[in-house]
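The structure under discussion appears below in the form of structure tokens.
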Amino acid sequence: MPVNKTRWAIALLVLLSILPSVFGLYFYLEGSEQKCFLEELPKETLVTGDYTAEEWNEEHKRFIVNKDIMLEVIVELMPVGERVYSHKLATSGRFQFTSADAGQHAICLFTSTAGWFSSTKLKMTLDLQIRDMLDEASEVPEGSLGEMAQRVRDLNQKVGEIRREQWYLREHEKHFRDKSESTNSHTVTWTIVQLVVLGLTCAAQLRSLRKFFETKKLV
């Protein structure tokens with residue numbers, strides 16, 4: 001029984017490892033509202049977003065594509081707020097950016113044509129694909145490789161993604177460890193300062209009491 005469980009666990013890990021780093025979502029924008037999504041990205045990671053914006057039409061009572069709507073996407077590295085990417089977009093299409101540094105990135109979308117009091121309501125469909133720049137550079141057209149070679153290439157890409165995730169986790173752990181050590185060092189320094197101040201205060205009080213007793217001729 002333990003062997004079977006181990007085999008099932010290994011099979012599950014292999015299955016999860018070959019799943020593509022792609023996820024889709026949809027959301028709504030009203031007027032000049034801005035929606036942001038936070039994504040942890042390793043360094044030199046290519047992010048591709050395929051999107052479609054549909055505007056609510058009261059006459060047809062459904063969302064339809066309006067080519068007059070203009071969108072804008074802004075990507076910032078958090079928490080410093082450093083702008084990584086900014087671009088105006090059409091109603092539907094694709095945008096791409098590359099993370100220069102590892103960390104949490106805020107991907108923000110909003111309409112650039114709606115005013116403050118606009119009642120425009122949009123339905124945004126967004127598919128994000130995250131992959132390494134090396135994978136993108138080594139990509140070859142589908143059909144030029146055999147089925148087995150294609151599977152090997154896909155597995156190599158997944159192994160590369162796992163390695164990037166491990167590298168990011170190590171960097172994140174190193175940053176957390178350095179921050180913890182810095183905090184501990186400050187705590188120890190502050191404790192020593194408090195002890196020195198307390199010692200000086202006690203010495204001053206003892207000296208004051210001694211002078212008081214000498215004045216009263218009690219010593």
Side-chain angles (χ1 to χ4, degrees), residues 10 12-27 29 33-53 70-112 122-145 148-180 182:
I10 295 175
L12 179 60
L13 289 175
V14 172
L15 178 61
L16 292 175
S17 66
I18 63 176
L19 291 176
S21 299
V22 180
F23 61 90
L25 68 158
Y26 73 90
F27 54 93
L29 292 174
E33 182 183 8
Q34 177 175 284
K35 286 290 179 67
C36 297
F37 306 93
L38 297 178
E39 184 67 27
E40 294 280 355
L41 298 176
K43 186 178 181 180
E44 295 182 356
T45 300
L46 179 66
V47 179
T48 301
D50 294 305
Y51 67 92
T52 302
M70 295 297 296
L71 305 171
E72 188 168 351
V73 58
I74 295 177
V75 181
E76 294 182 346
L77 177 64
M78 305 304 290
V80 295
E82 177 184 351
R83 183 162 297 187
V84 178
Y85 178 81
S86 177
H87 195 69
K88 292 187 180 296
L89 307 172
T91 309
S92 62
R94 168 179 290 187
F95 64 87
Q96 288 183 329
F97 69 91
T98 304
S99 58
D101 295 305
Q104 196 173 60
H105 289 68
I107 305 173
C108 301
L109 288 163
F110 58 94
T111 59
S112 57
L122 298 180
K123 178 182 178 181
M124 291 290 302
T125 303
L126 177 63
D127 293 323
L128 287 179
Q129 181 177 5
I130 302 173
R131 62 190 308 174
D132 189 85
M133 286 292 295
L134 295 177
D135 295 338
E136 183 70 14
S138 62
E139 185 176 0
V140 295
E142 293 186 6
S144 60
L145 295 175
M148 183 61 66
Q150 183 69 30
R151 289 184 178 180
V152 171
R153 187 177 69 89
D154 292 341
L155 287 175
N156 286 334
Q157 289 180 354
K158 300 308 172 186
V159 170
E161 291 175 2
I162 293 173
R163 288 177 177 174
R164 289 194 306 274
E165 290 296 331
Q166 291 177 341
W167 174 86
Y168 176 76
L169 289 175
R170 286 196 299 268
E171 289 294 318
H172 193 70
E173 181 182 358
K174 179 181 178 182
H175 175 73
F176 179 77
R177 184 172 61 251
D178 293 342
K179 190 173 182 180
S180 298
S182 176

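Just so it is clear, the model here is predicted, and its values are computed rather than measured. For this chain, numbers begin at 1 and follow the sequence in order. These values consider heavy atoms only, across backbone and side chains, with no hydrogens, waters or symmetry-generated copies.
Counting only distance, with no hydrogens or angles, the side chain of Ser180 and the backbone of Phe176 share a donor-acceptor pair below 3.5 Å. Thr52 contributes no side-chain N or O that, together with a main-chain N or O of Ser92, makes up a donor-acceptor pair within less than 3.5 Å. Formation of a donor-acceptor pair under 3.5 Å by the Ser99 side chain with backbone atoms of Pro42 is found in this model.
Distance check, rounded to the nearest 0.5 Å: CD of Glu72 to CG of Leu89 gives 8.0 Å. The line from CD of Gln104 to CG of Leu41 is 9.5 Å long, rounded to the nearest 0.5 Å. The NZ atom of Lys35 lies 12.0 Å from the CG atom of Leu126; values are rounded to the nearest 0.5 Å. One distance of note links CD of Glu173 with CG of Asp178; it measures 10.5 Å at 0.5 Å rounding. Between the CG atom of Leu109 and the CD1 atom of Ile107 there is a distance of 8.0 Å, given to the nearest 0.5 Å.
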For Met124 and Leu71, what are the C-alpha separation, side-chain angles and deciding distance, and is it a side chain to side chain contact (heavy atoms under 4.5 Å, CB included)? CA-CA 10 Å; Met124 291 290 302; Leu71 305 171; 3.8 Å; yes
Check the pair Glu39 / Ile130 against side chain to side chain contact (heavy atoms under 4.5 Å, CB included), numbers first and verdict last. CA-CA 10 Å; Glu39 184 67 27; Ile130 302 173; 3.4 Å; yes
Apply side chain to side chain contact (heavy atoms under 4.5 Å, CB included) to residues Tyr85 and His87 and explain how you reach the verdict. CA-CA 7 Å; Tyr85 178 81; His87 195 69; 3.3 Å; yes
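A 6.0 Å sphere centred on CZ of Phe27 holds more than 12 heavy atoms belonging to other residues, nucleotides or ligands.
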